[in-house]
Amino acid sequence: MTVHPPVTGHCDELQDALTSFRASAHIAQRWGEHLAAVLTGGGRLLAAGNGGSAAQAQHLTAELVGRYRDDRPAFSAIALHADTSSTTAIANDYGVDEVFARQVSAHGRPGDVLMLLSTSGASANLLSAADAARAAGVRVWALTGPAPNPLMAGSDESLCVEAPTGATVQELHLVAVHMVCEAFDAAVENGTWRRRDAGRWDGDGRQDGHGGLRDGDGRWLDGSGGRQNGHGGRRDRDGRWRDGGGPWRDGSGRR
């Protein structure tokens, strides 16, 4: 079978770009470690992109809500384009440039992180999202193509891929996503994500004073007091009971 030069040339282009991209590994590691601190503290990652970059953004959030390699607790991460009803409603009522910005205003809280992926670094709806994030106290990371570009300038930090084509940029964006996940999981595994507040996950995936494991809804997996005595409710993302009740005082199922 004859392999045409443009096909093998694509591999050569990717290999060349990957060699230079390797020098940016420290940025991906820093992002993963910072993300571990944010998410284990009750924060959230928001991610957005257009087209193929949207797929990469959703890939990242899936790795955090599900898992990357080994089993661990689920963490809050939302791909903004994935809510088709909100996205189309916002586009219809406010214009396409606001489809991500309005969702950032709705879901973002101070200390959260917004990751924006763009091969061009010039998408208007991502620039608007970055503006909304900064107004909400959300940290903005940009994963883009060659620097300089507007999105890089409008973000707190950026990781720019130097490659001649959008296809190669997207391929290295996937590498960057996995590098961030590697760093995130390593930080979680090493216990740097321990929480100081009572009744929250520690580095072993257990709650203070209990010794058991919880499922994604906050219930104890061993059935030994997964709810407060006579409570039956759930807690919000900061670990507070929605009706104002307090945290566990011990492992007995009483407050």
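Remember, it's a predicted structure, so these values are computed and weren't measured experimentally. One is the number of the first residue; the rest follow in order along the sequence.
For E63 and H59, the side-chain atoms include at least one donor-acceptor pair closer than 3.5 Å.
Just one residue in the list E171, E13, Q170 forms a side-chain hydrogen bond (donor to acceptor under 3.5 Å, both in side chains) with T165, and that residue is E13. Shown are V104, L46, L116; of these, the side-chain contact (heavy atoms from CB on, under 4.5 Å) with V140 is made only by L116.
Cluster membership for Y68 and L45, using ILVMFWY side-chain heavy atoms within less than 4.5 angstrom, is not shared. A continuous path of Ile, Leu, Val, Met, Phe, Trp and Tyr side chains, each step under 4.5 Å between heavy atoms, connects V99 with L151, placing both in one hydrophobic cluster. The hydrophobic cluster containing M152 does not contain M115, counting ILVMFWY residues as joined when their side-chain heavy atoms lie under 4.5 angstrom apart, directly or transitively. One hydrophobic cluster holds both V169 and L14 under the rule that ILVMFWY side chains link at heavy-atom gaps under 4.5 Å. The hydrophobic clustering, which links ILVMFWY residues whose side-chain heavy atoms are closer than 4.5 Å, places I78 and L126 together.
Between the R102 side chain and the T87 main chain, no donor and acceptor come within less than 3.5 Å of each other. The backbone N or O of G154 sits less than 3.5 Å from a side-chain atom of R134, completing a donor-acceptor pair. For the pair Q56 (side chain) and H173 (backbone), a donor-acceptor distance under 3.5 Å is absent. With hydrogens and angles ignored, the 3.5 Å screen pairs no side-chain donor or acceptor of D112 with any backbone N or O of V138. Distance alone, capped at 3.5 Å, is enough to place a donor-acceptor pair between the E162 side chain and the A147 backbone. Looking at S120, its side chain does come within 3.5 Å of a backbone N or O of A122 through a donor-acceptor pair.
For the atom pair I27 CD1 and S158 OG, the distance stands at 7.0 Å (nearest 0.5 Å). With rounding to the nearest 0.5 Å, the separation of OG in S76 from CZ in R109 is 10.5 Å.
Of all non-hydrogen atoms in A163 and T168, the two that sit nearest each other are CB-CG2, 3.7 Å. Closest approach of N149 to G145, counting heavy atoms only: ND2-O, 3.7 Å. The heavy-atom pair separating A47 from T61 by the smallest distance is CB-CG2, 3.9 Å. For the pair V38 and G111, the tightest heavy-atom approach, listed with the atom from each and the gap, is CG1-O, 3.5 Å. Closest heavy-atom contact between S105 and A132: OG-CB, 3.9 Å. Of all non-hydrogen atoms in G166 and T119, the two that sit nearest each other are O-CG2, 3.9 Å.
Looking only at side-chain heavy atoms (C-beta outward), V175 and L172 come within less than 4.5 Å of each other. Counting heavy atoms from C-beta outward, H10 and V7 have side chains that stay 4.5 Å or more apart. Taking the side chain as every heavy atom from C-beta outward, F100 and I90 never approach each other to under 4.5 Å. Side chains of S118 and N50 form no contact here, defined as non-hydrogen atoms less than 4.5 Å apart. At least one side-chain heavy atom of L35 sits less than 4.5 Å from a side-chain heavy atom of L64.
Taking the six-membered ring where tryptophan is involved, the planes of W141 and W31 are essentially parallel, since the angle between them stays under 30° and well short of 60°.
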Legend entry - Intermediate values then yes/no, salt bridge (Lys or Arg N to Asp or Glu O under 4.0 Å), R139 and E157: CA-CA 9 Å; R139 189 167 187 80; E157 287 190 82; 3.3 Å; yes
Legend entry - Full working for side chain to side chain contact (heavy atoms under 4.5 Å, CB included) between H81 and Q103: CA-CA 9 Å; H81 68 278; Q103 292 184 75; over 6 Å; no
